[in-house]
Structures are given as structure tokens and as C-alpha cells.
Amino acid sequence: MKNLFIPNAQPRQPVFLTMVACQALVLLVLWLLYPLKLFPTLGEVLTAFQDLVRTQGLIQELWASLATAIQAVGIATVLALFISYLTALPFFRPLAYAATKLRYLTLTGLTFFMALMLSSGHQVKLSVLVFGATVYFVTGMTSVILTTTQEEMDHARTLGMSEWRSFFEVIVLGKLDDMLEVVRQNFAIIWTMITLVETLYQSEGGIGLLLYKQNRYLHLAGVVSIQLVILAVGALQDYLFVLLRRVFFPYSELTTAR
């Protein structure tokens, strides 16, 4: 037990899992016994969850949002990687630099111009999500590329590789694990934006629209229930990305401090 309070200690897995269970239990007790009735009770949240599933199509709306999120992150990943890898050529570096600064733009005004240029609500919704994810993805990926050391590049050159081959081996292939980590971190941005975008373009529904309706009519139990569902999906999504990284890039943890 004392290892839990020693910096950088590695407690045994049973001890660690017991600690996590105790902390979760404390949070649950605080929720149940919180004196101010600001939040709905656990029973109210569970009842609201059952009602959302049975009568308001929570699972279908969640699936619609998840499909849109996966489509958006796929397009944003391809687009951002293309822009980031172009930084190898000095001519295109201003493009990547400008893309990283576009993350300061707010989506409020941009959605109007996108609505004028595109024909359907789905295209507008997807474009907003792709834009929002791409600018953050380019920022993260260019940071990863800039961590390339002179020693890594010189090592590839001493093996007789050309500049393009060195770039491909060291940066593209050598940093695939970091690329996956950047995707994992930026996927959460999609979930942050999709609830907003789905309230603006309601034709396709989605969990964001369902959350908006619950919030509008002050169904707080429903709001908390949907937020917990989104939190659970996000946690599962994070776990899957970590698992993929361990399976395909097991060497990525060799240099991690323990």
C-alpha cells in the first residue's frame, strides 16, 4: 500500500485495481449523499437512460453520431498527414504553418460560409468537423515531425539512403506510432464539436440533437445520462487506440519511463 504514495512507484496490479475501485466507490457515495440537490440522483439518471433507449432512440442516435465522427476523423487524418508531410519541402512550410494557426478561428462564422458553398446539411456538418479536427491534427503532427533529431536523419543517410528515402523511413514509417497517438488525442475534439454541429443541422439527428432537446426542456437526468454515455464511448475509444498502438507498435513503450 505504501507504494501508492511513493513518486514513480509501480504498485502491484491487484493493489492498483483495488485503489481504483475504492476511488470510484467514494465518487458514487458522494453523488448519492451530496447535500445540495443540484445534480439528479443515480436512480433518476438510470430511469432517464432507460427512457432514452426505449422511446427516444439513444442507441440509433449514438450510432449516427459515431458514424459521422469516424468519417470525419478519417478524412481529417488523410488531409492533415498530407499537409504535415509537405513540410519536408520548404515551399509548402507556410501552408502547414497557416493551418496550425487556423485553430484559433471560431466555427460560428465559418458554418455560414460552408452552408453557402455546400448543398446538403450532412456535407456542411462533415466539413465543419473535418476543418476543426484537421487544424489541430496538423499542429500535433508537425510537432512530432519537428522532434526528429539530426542523429536520426544522419543515421539514415549513412546507410546510403536518398533524402526522400530518409524522410520516408525516419519520419513517415518511424513515427507511425506517434501519428496514432495524435489521432487518439484529436478524436476527442470531434466529440466536442459534433454535439454543437448537430444542433445547428438537425436533419440527420444524432446524439448532439438529443442532448440539446434534453437540455432545452431541463431534463437534467437525461442530460447527465447522455453525457455519461458519451464519456463511456470516449473512454472505450481511447482504450482501443492504446491497444492498437501496443499491438502494431510495441517498441513505442520501450523508452517510456517506469
Side-chain angles (χ1 to χ4, degrees), residues 8 66 68-107 110 114 125-194 197 234-258:
N8 303 319
L66 184 61
T68 303
I70 292 174
Q71 188 178 2
V73 80
I75 297 173
T77 300
V78 173
L79 188 59
L81 285 179
F82 180 71
I83 296 173
S84 301
Y85 290 149
L86 281 179
T87 56
L89 303 175
F91 181 81
F92 292 103
R93 283 175 193 164
L95 174 65
Y97 179 79
T100 62
K101 301 308 175 190
L102 290 179
R103 69 186 190 280
Y104 292 106
L105 291 178
T106 62
L107 297 178
L110 292 177
M114 290 180 180
K125 186 166 66 175
L126 192 60
S127 300
V128 171
L129 294 176
V130 168
F131 173 81
T134 300
V135 292
Y136 281 95
F137 195 171
V138 171
T139 303
M141 200 58 210
T142 50
S143 298
V144 168
I145 292 174
L146 290 175
T147 60
T148 306
T149 63
Q150 189 65 42
E151 182 182 7
E152 290 175 308
M153 295 303 296
D154 287 343
H155 177 69
R157 290 167 184 145
T158 56
L159 295 176
M161 298 181 187
S162 65
E163 287 300 321
W164 279 110
R165 179 71 186 280
S166 300
F167 173 81
F168 181 73
E169 294 287 344
V170 175
I171 296 179
V172 178
L173 293 183
K175 297 187 180 298
L176 281 178
D177 57 322
D178 293 325
M179 183 273 289
L180 194 61
E181 176 62 17
V182 172
V183 174
R184 184 186 72 83
Q185 294 177 6
N186 286 279
F187 206 157
I189 296 171
I190 296 283
W191 283 107
T192 303
M193 292 190 300
I194 198 169
V197 175
L236 177 62
Q237 176 187 291
D238 267 355
Y239 174 77
L240 290 176
F241 271 101
V242 172
L243 183 63
L244 286 174
R245 196 179 186 204
R246 286 178 180 172
V247 170
F248 291 103
F249 312 107
Y251 56 84
S252 62
E253 296 185 353
L254 293 177
T255 57
T256 303
R258 298 181 183 280

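Only a predicted model underlies this, so the values are computations on that prediction, with no experimental measurement involved. The figures that follow rest on heavy atoms only: side chains count, while hydrogens, waters and symmetry mates do not. Throughout, numbering of the chain's residues begins at 1 and tracks the sequence.
With values rounded to the nearest 0.5 angstrom, Thr87 atom OG1 is found 9.0 Å from Met141 atom CE. Put simply, CE on Met161 and CE on Met153 are 10.0 Å apart, with the number rounded to the nearest 0.5 Å. Atoms CD and CD, from Gln150 and Glu152 in turn, are 10.0 Å apart once rounded to the nearest 0.5 Å. Atom CE of Met193 and atom CZ of Phe131 lie 9.5 Å apart (nearest 0.5 Å). Residue Phe187 holds its CZ atom at 11.5 Å from OG1 of Thr192, rounded to the nearest 0.5 Å.
Checked options Leu173, Thr148, Val172; the residue passing with Phe167 is Val172 (criterion: side chain to side chain contact (heavy atoms under 4.5 Å, CB included)). When each of Leu129, Val130, Ile70 is paired with Ile75, the side chain to side chain contact (heavy atoms under 4.5 Å, CB included) condition holds for Val130 and for no other.
Of all heavy-atom pairs between Thr100 and Val138, the closest is CG2-CG1, 3.8 Å. Across all non-hydrogen atoms, the minimal contact from Leu86 to Phe92 is O-CB, 3.6 Å. Of all the heavy atoms in Ile190 and Ala133, the pair that sits closest is CD1-CB, 3.5 Å. Arg157 and Glu163 make their closest contact through NE-OE2, 2.9 Å (heavy atoms, listed as atom of the first residue, atom of the second, distance). Closest of all the heavy-atom pairs between Ala76 and Phe137 is O-CD1, 3.9 Å. Ala69 approaches Ile194 most closely through the heavy-atom pair N-CD1, 4.2 Å.
Counting heavy atoms of neighbouring residues, nucleotides and ligands inside a 6.0 Å radius, atom CZ of Arg93 exceeds 12 of them.
The shortest distance between side-chain heavy atoms of Thr147 and Lys175 falls below 4.5 Å.
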Assess whether side chain to side chain contact (heavy atoms under 4.5 Å, CB included) is satisfied between Glu181 and Asp177, documenting all intermediate values.
CA-CA 6 Å; Glu181 176 62 17; Asp177 57 322; over 6 Å; no
Worked check of side chain to side chain contact (heavy atoms under 4.5 Å, CB included) between Phe168 and Trp164 = CA-CA 6 Å; Phe168 181 73; Trp164 279 110; over 6 Å; no
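A salt bridge links Arg245 with Asp178: the closest approach of a Lys/Arg side-chain nitrogen to an acidic carboxylate oxygen falls below 4.0 angstrom.
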